[in-house]
Amino acid sequence: MRIAPGPSGPLHIGHSRVAILNDEYVKRYDGVLINRLEDTNPEKIDPDAYDMIPEDLEWLDVKVHSTVRQSERFHLYYDTTRKLIEMGKAFVCICPGDSLKDLKAEMRGCPCRELTVEENLERFDRLLSNHYSEGEAVAVIKTDIAHPNPALRDFVALRIVEHPHPRTGDKFNVYPMMNLSVAVDDHLMGMTHVIRGKDHLNNTHRQEYIYDYMGWERPRFYHYGLVNIPDTVLKTSLIRQSIKEGDYSGWDDVRTGTLRALQRRGITPDAIRRYWIEGGIKSVDMQFSWENLFSMNRDVIDDASNRYFYVPSPQTLRFHGIDRVESHAPLHPDHPERGERHIIIREGDDVLLSPEDMALLQGSGMVRLKDLCNIELQDGAHYAGTDLSVLKKGVKVVQWVDQGSAPMEILMPDGSISSGRVERALMAEKGDTVQLERFGFVRLHHHGDKVSAVFAHR
RNA sequence: GCUCCUGUAGUGUAGUGGCCAAUCAUCUCGCCCUUUCGAGGCGACGACCCGGGUUCGAAUCCCGGCAGGAGCACCA
């Protein structure tokens, strides 16, 4: 099986579907997966993508057995085209511009279509020897010019592009169209099964003409339904533009749907895999749900994510009413063996609350500082015992930090920053993701002795 | 316009003629547990696009509507 990305940029969540589905079948049936970089349009190649795509696949835990670049296989596409011309199944068209298109709509072939094999072979040789320039000549595969489906009437196989290729420079100027190169490669690489999106349905039919002309055995084709991914910037060209303008920080900007962005946010490959496997390969169009993906991710990371308190936009209260009080909170409520966070608050220390929780305290007069004690609003925070039964009477539990807490900035999915303070203990956290209680799961990023975070989901 | 694909709860899925007054997950809402609005437990809400036909029996097969999507490129 294979995945066949065009190297125009890094992979995004949409690309991950075809990668995971193919990978999953290969793993289940002990097959072979080829990553075939379809770099046959020099105008749409980002040289960096040659490295980014394999990196993205590796992160996704997609096992690629070998990687090939179509730009190294042009001779194969030329050979097959020559054979098709010899069989009278292809021709070289030198009609101007749109006439081929117009004639197709009228179910009529262009004059070149009726040329003899010898004349076409002559033209083909001229095509390959720089006789024509861009737009002057194309090699066309004959199908049925009167096919009821206009999408299947004669299609272009080779065309001239005068644009340097990042890998082959100006060595070639005759480039294959995907239907030619895909059919040739899928056959030569021994594809038994092809899974791809429904948008390729007509391409499959076009490629089947080549299979049948050449007497090749067709692979089994499967076309999954299209997916609509809402509220997400996926288009590579738009992202590139925004990066260039300095609006996005890079390919991993959290406002985009690239795999790099999801990785940065702490969305796991496991969750992405589960999501696409649940969707399956049936050809019904689907609506992508971030909610469902986040739910799966929560399921994956919850157990490993230790708990900490985070207080956004902290407001200070002076604590008094008792000499000292200690808090003992587990790093993870389901895993007491991991240890606990331990803080001592003394008379005169500061405790910090979020504006919302401060309002709660002002409104009700009392809150529970989680894992510490109750406080009343009375010239600051006045110790009010440790009796938990007040919770039954409606006293709310809130997160808090002490004066020894560390400043923290959290990058939110909309690109904004939530700044506040976290427990000092988080600075020693070794895990990748943590749950800031009542705030959400975040991925930690360590730089030196500083820590920042990127919001994943609630 | 032409051609093709597809229609199960808000979302995603199971279901291939009787075990379906339809599965599971998510979302939303209750309750229990919990010093988190997390996790766990219990419960509620909520769907077979419509109309014909075949059949003793249809979500499942057939036909016709309707709806959504894709393609009709010298992009992939």
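Within every chain, numbering begins at 1; the chains are lettered A, B, ... in the order of the sequence lines, protein sequences first and strands thereafter.
Nucleotides B:U28 and B:U11 are separated by 12 Å at their C1' atoms, to the nearest Å. B:G53 sits 31 Å from B:G46 when the C1' atoms are compared, rounded to a whole Å. On the P atoms, B:U55 is 16 Å away from B:U60, given to the nearest whole Å. Spacing of P atoms, B:C5 relative to B:G65, comes out at 15 Å, to the nearest Å. On the C1' atoms, B:U13 is 32 Å away from B:C56, given to the nearest whole Å. Remark: the separation of the P atoms in B:U16 and B:G7 is 15 Å, to the nearest Å. Separating the C1' atom of B:C20 from that of B:A59 is a span of 9 Å, rounded to the nearest Å. Distance noted for atom P between B:G51 and B:A70: 28 Å (whole Å).
Counting distance only, with no hydrogens placed and no angle test, the side-chain atoms of A:Gln435 and the base atoms of B:U36 include a donor-acceptor pair under 3.5 Å.
Note on A:Arg368: every side-chain N or O is 4.0 Å or more away from OP1 and OP2 of B:U34. At B:C75, none of the side-chain N or O atoms of A:Ser8 fall inside 4.0 Å of OP1 or OP2 (strictly under the cut-off). At the phosphate of B:A14, OP1 or OP2 sits under 4.0 Å from a side-chain N or O atom of A:Lys282.
Taking only side-chain atoms of A:Asn149, from C-beta outward, the nucleotide of B:A76, B:G38, B:C4 with the closest atom is B:C4. Distance from the side chain of A:Ser283 is smallest to B:C5 among B:C5, B:U35, B:G1. Of the candidates B:C27, B:U35, B:C75, the closest approach to any side-chain atom of A:Arg159 belongs to B:C75. In the set B:A39, B:G71, B:C75, the nucleotide with an atom closest to the side chain of A:Lys44 is B:C75. Distance from the side chain of A:Val138 is smallest to B:C74 among B:U36, B:C74, B:C27. Here B:C27 is the nucleotide among B:A70, B:C27, B:G12 with the atom lying nearest to any side-chain atom of A:Glu291. Proximity note for A:Met177 (side chain, C-beta onward) versus B:U35, B:C37, B:C74: the nearest is B:C74. Closest approach to the A:Asn203 side chain among B:A76, B:U36, B:G69 is made by B:A76 (side chain taken as heavy atoms from C-beta onward). Side-chain atoms of A:Met286 lie closest to B:G12 of the nucleotides B:G12, B:C75, B:G69. Comparing atom distances between the A:Lys198 side chain and each of B:C27, B:G68, B:C4 picks out B:G68 as nearest.
Counting any heavy atom pair closer than 4.0 Å across all strands shown, A:Asp199 reaches sugar-phosphate atoms only and no base atom. When heavy atoms are screened at a 4.0 angstrom cut-off, A:Gly225 is found touching no nucleic acid atom at all. Counting any heavy atom pair closer than 4.0 Å across all strands shown, A:Tyr175 reaches no nucleic acid atom. At the heavy-atom level, A:Thr40 lies under 4.0 Å from the strands shown only through sugar-phosphate atoms. Residue A:Arg153 is out of contact with every strand shown, counting any heavy-atom pair closer than 4.0 Å. Residue A:Pro333 is in base contact, counting any heavy-atom pair closer than 4.0 Å across all strands shown. Contact annotation for A:Asp285: base contact, defined as any heavy-atom pair under 4.0 Å involving a base atom. Within 4.0 Å of A:Leu391, counting heavy atoms only, lie sugar-phosphate atoms of the nucleic acid but no base atom. Base engagement by A:Glu278 is indicated by at least one non-hydrogen atom pair under 4.0 Å involving a base atom.
A distance-only check finds a donor-acceptor pair linking the side chain of A:His205 to the backbone of A:Leu201 [under 3.5 Å].
A donor and an acceptor atom, one from each side chain of A:His457 and A:Asn297, are located under 3.5 Å apart. With no hydrogens or angles considered, a side-chain donor-acceptor pair links A:Trp290 and A:Thr232 at under 3.5 Å. Between the side chains of A:Asp39 and A:Gln70, no donor-acceptor pair of N or O atoms lies under 3.5 Å. A donor-acceptor pair shorter than 3.5 Å cannot be found between the side chains of A:Asp46 and A:Ser8.
Using a cutoff of 4.0 Å between basic side-chain nitrogens and carboxylate oxygens, A:Arg36 and A:Glu38 are scored as salt-bridged.
Pair check for B:U36 finds none; no Watson-Crick or G-U wobble contact set falls under 3.5 Å. Searching all strands for a Watson-Crick or G-U wobble partner of B:C72 with both distances below 3.5 Å returns B:G1. Remark: B:G43 base-pairs with B:C29. Criterion, Watson-Crick or G-U wobble with two distances under 3.5 Å. Across all strands shown, B:C63 is found opposite B:G51 as a Watson-Crick or G-U wobble partner, with both distances under 3.5 Å. Judged by Watson-Crick or G-U wobble contacts below 3.5 Å, the nucleotide B:A14 has no partner. Here B:U23 sits opposite no nucleotide as a Watson-Crick or G-U wobble pair (both hydrogen-bonding atom distances under 3.5 Å).
Checking A:Lys104 against A:Pro148, the closest nucleotide of RNA chain B that is more toward the 5' end is the one next to A:Pro148.
Figure legend: cation-pi geometry between A:Arg167 and A:Tyr50, with NZ or CZ positioned under 6.0 Å from the six-membered ring centre and within 45° of its axis.
A:Phe74 and A:Phe172 have tilted rings, their planes meeting at an angle from 30° to 60° on a 0 to 90° scale.
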